[in-house]
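The structure appears right after this line, and notes come after that.
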Amino acid sequence: MNGVVKMPNDKRKMTRYIRKVGRMGNSLGVSLPKRLAERLEVSQGDEIEFIENDHGEVVLKKLRQSKLPENVRPEVLEAFFDVFEEDEGILEDLRDR
């Protein structure tokens, strides 16, 4: 279900999309309406990020992939980020010394 919503005393227009949450393997998932997918310029295999603001609102954005230098393999970079996330506290402690 889609619809344009105009908030009282607000000049902004918002498009409202309603979807049911479904099971996708061991996770939960929501389909993107075709019109929203087109606006986000996403297609199957693209990654999107969910950004929550201080008001509890969530914004969806297409994750823009940057081109890696030829000598950097994606799996090595992904492993680096995994280690960084696991050891973030240790790295912050080292930085603060």
Side-chain angles (χ1 to χ4, degrees):
M1 182 160 119
N2 306 335
V4 176
V5 178
K6 185 152 172 131
M7 302 304 285
N9 302 323
D10 194 346
K11 298 198 185 315
R12 297 176 297 165
K13 280 195 277 183
M14 296 184 291
T15 303
R16 182 181 200 172
Y17 301 98
I18 298 174
R19 289 290 191 260
K20 287 191 178 196
V21 176
R23 181 152 306 277
M24 298 178 76
N26 291 329
S27 301
L28 297 176
V30 177
S31 65
L32 292 178
K34 181 179 179 182
R35 188 168 158 202
L36 181 58
E38 289 170 350
R39 285 189 45 85
L40 292 172
E41 297 179 358
V42 296
S43 58
Q44 186 173 345
D46 288 342
E47 292 182 323
I48 57 172
E49 61 181 331
F50 298 80
I51 304 163
E52 184 177 5
N53 66 21
D54 294 340
H55 303 289
E57 300 165 326
V58 178
V59 176
L60 298 178
K61 293 178 88 174
K62 179 178 180 179
L63 190 62
R64 303 289 177 193
Q65 301 277 331
S66 58
K67 192 100 167 133
L68 292 176
E70 287 182 27
N71 59 342
V72 177
R73 295 192 330 261
E75 61 273 13
V76 173
L77 188 60
E78 187 172 326
F80 170 78
F81 282 120
D82 289 344
V83 169
F84 181 80
E85 283 181 356
E86 290 173 12
D87 298 332
E88 187 174 1
I90 294 169
L91 295 170
E92 286 175 359
D93 184 50
L94 288 171
R95 180 195 66 208
D96 295 338
R97 289 182 181 210

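Quantities reported herein were computed from a predicted structural model and do not represent experimental measurements.
Think of Val21 as one node in a network of Ile, Leu, Val, Met, Phe, Trp and Tyr side chains linked at under 4.5 Å; its network also takes in Leu28, Val30. Taking Ile, Leu, Val, Met, Phe, Trp and Tyr as members and joining any whose side-chain heavy atoms lie under 4.5 Å apart, directly or through other members, Leu63 forms no hydrophobic cluster with any other residue. Val76 belongs to no hydrophobic cluster with other residues, because no ILVMFWY side-chain heavy atom falls under 4.5 Å from its own, directly or through intermediates.
Residues passing the side chain to side chain donor-acceptor pair (under 3.5 Å) test with Asn71, sequence neighbours excluded: none. Not counting sequence neighbours, Gln44 has no partner by the side chain to side chain donor-acceptor pair (under 3.5 Å) test. Taking the side chain to side chain donor-acceptor pair (under 3.5 Å) definition, one finds that Arg73 meets it with Glu75, sequence neighbours left out.
The distance from atom OG1 of Thr15 to atom CZ of Arg39, rounded to the nearest 0.5 Å, is 6.5 Å. A distance of 10.5 Å separates NZ in Lys61 from CG in Leu40, rounded to the nearest 0.5 Å.
Between Asn53 and His55, the shortest heavy-atom distance links the atoms OD1-N, 2.8 Å.
Listed by first and then second residue, the salt bridge (Lys or Arg N to Asp or Glu O under 4.0 Å) pairs involving residues 43-54 are Asp46-Lys62 (not counting sequence neighbours). Sorted by first then second residue, the side chain to side chain donor-acceptor pair (under 3.5 Å) pairs that include residues 20-33, not counting sequence neighbours, are Arg19-Ser31.
The hydrophobic clustering, which links ILVMFWY residues whose side-chain heavy atoms are closer than 4.5 Å, places Leu36 and Val58 together.
The side-chain heavy atoms of Leu60 and Phe50, taken from C-beta on, include a pair separated by under 4.5 Å.
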